[in-house]
Amino acid sequence: MQRIDNTDQLDAAERKLRALLLDGLAGDAGAYRDFLRALSAHLRAFLRRRLSRWPDEVEDLLQEALLAVHNQRHTYNADAPLTAWVHAIARYKLIDWLRRRQGREMLHDSLTDPLTEIDHAEELLSSADADADEARRDLDRLLTQLPEQQRASIVHTKLEGLSVRETADLTGMSESAVKVAVHRGLKALAAKMSGRNENR
């Protein structure tokens with residue numbers, strides 16, 4: 001089976017989102033709707049990882065982030081990575097939410113310094129991002145060892161948050177083939193991780 005460059009595979013969502021946004025900015029309303037739909041899935045997964053303790057807040061923050069992206073869409077530099085740009089917007093919204101939330105809590109706790117709490121929250125977010133980056137690099141190395149269809153299916157459904165149907169549309173595979181590829185790929189990854197841990 002033909003193998004593809006892992007970077008190309010992992011950047012599939014970036015390329016798709018960027019193309020849809022640029023088409024939307026050029027006046028294609030359908031492409032812009034598709035961009036917002038795909039971005040919703042991407043940012044929902046991004047926010048869920050960072051709000052695991054507050055799952056009820058994800059949808060509200062998602063809407064805030066999407067509105068901010070919409071309002072700032074003309075500031076996007078087409079030469080820059082799109083996902084970095086939208087992640088920065090989502091992080092600002094997340095930090096704003098933490099500030100608001102902690103501000104409310106500070107009204108009930110006069111002994112706590114609000115600025116210290118906000119700094120601590122931002123430090124936690126930064127640390128979580130660093131840990132996630134390291135884990136992602138480890139996962140990327142393992143993913144390079146999988147066949148193309150397994151790798152693509154896992155990346156789109158498990159890492160990018162796309163549905164099986166969206167993944168099938170994007171890859172040209174059937175929905176059942178995507179499910180099988182995810183199942184077999186995850187089983188292979190588990191075996192590789194188990195073997196790696198035993199060798200340490």
Side-chain angles (χ1 to χ4, degrees), residues 4-52 54-103 118 121-133 135-137 139-140 152-172 178:
I4 62 172
D5 184 272
N6 188 49
T7 303
D8 287 346
Q9 184 57 57
L10 295 176
D11 287 345
E14 165 77 24
R15 293 195 308 274
K16 177 186 175 186
L17 286 170
R18 184 176 177 278
L20 289 172
L21 175 58
L22 293 179
D23 287 347
L25 292 176
D28 185 338
Y32 190 66
R33 279 194 302 273
D34 290 343
F35 164 73
L36 290 176
R37 189 176 300 114
L39 183 61
S40 294
H42 180 80
L43 284 182
R44 185 176 287 111
F46 176 87
L47 290 169
R48 277 179 181 159
R49 288 192 297 271
R50 288 156 179 80
L51 288 169
S52 58
W54 304 282
D56 294 340
E57 303 294 336
V58 170
E59 290 304 314
D60 286 344
L61 271 172
L62 173 63
Q63 295 307 315
E64 286 186 33
L66 289 173
L67 183 60
V69 168
H70 174 72
N71 289 336
Q72 298 177 39
R73 65 192 185 280
H74 296 295
T75 69
Y76 170 63
N77 176 358
D79 295 327
L82 176 64
T83 48
W85 182 71
V86 297
H87 287 174
I89 291 173
R91 280 192 192 95
Y92 288 133
K93 291 299 174 185
L94 188 54
I95 289 171
D96 285 346
W97 174 79
L98 285 167
R99 285 185 172 127
R100 290 194 306 268
R101 180 178 178 277
Q102 289 166 351
I118 290 169
E122 291 176 351
E123 180 181 319
L124 285 176
L125 282 172
S126 175
S127 174
D129 283 343
D131 291 345
D133 287 344
R136 180 64 184 255
R137 284 191 296 272
L139 180 58
D140 288 351
S153 298
I154 290 172
V155 167
H156 294 314
T157 60
K158 301 301 182 184
L159 301 182
E160 296 170 358
L162 300 181
S163 68
V164 170
R165 175 176 288 182
E166 290 169 329
T167 299
D169 291 343
L170 190 62
T171 61
V178 169

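Here the structure is a predicted model, which means the values were calculated and not measured.
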Sub-3.5 Å donor-acceptor pair from the side chain of E64 to the main-chain atoms of K93, do we have one?
-> no
Under the criterion side chain to side chain contact (heavy atoms under 4.5 Å, CB included), which of F35, Y76, Y32 is the partner of L22?
-> Y76
Establish, for the pair R49 and F46, whether the NZ or CZ atom is under 6.0 angstrom from the six-membered ring centre and no further than 45 degrees off its axis.
-> no
Hey, what do you get for CG (L39) to NE2 (H70), rounding to the nearest 0.5 Å?
-> 12.5 Å
Shortest non-hydrogen contact between G24 and A31, atoms and distance | N-CB, 4.1 Å
Mind checking the CG-CZ spacing from L43 to R48? Nearest 0.5 Å is all I need.
-> 12.0 Å
Measuring from L94:CG to L51:CG, what's the distance to the nearest 0.5 Å?
-> 5.0 Å
Test side chain to side chain contact (heavy atoms under 4.5 Å, CB included) applied to D60 and W97, step by step | CA-CA 10 Å; D60 286 344; W97 174 79; over 6 Å; no
L62 side, atom CG; S40 side, atom OG - distance, nearest 0.5 Å = 5.0 Å
Assess the side chains of H87 and Y92: does a donor N or O sit below 3.5 Å from an acceptor N or O?
-> no
Nearest-0.5 Å distance that lies between atom CG in L25 and atom NE2 in H74 = 6.0 Å
Main-chain N/O of V58 paired with R44 side-chain donor or acceptor, under 3.5 Å = no
Give the minimum heavy-atom separation between A68 and I89, together with the two atoms involved.
-> CB-CG2, 3.6 Å
Rounded to the nearest 0.5 angstrom, the CD-CG distance for Q72 and L67 is 9.5 Å
Charged N to carboxylate O under 4.0 angstrom, E166 versus R37?
-> no
Where L47 and L61 come nearest, the two heavy atoms and their spacing = CD1-C, 3.9 Å
Check for a donor-acceptor pair, side chain of E14 on one end and backbone N or O of L82 on the other, with a separation under 3.5 Å.
-> yes
Is any side-chain heavy atom of T171 closer than 4.5 Å to a side-chain heavy atom of S153?
-> no
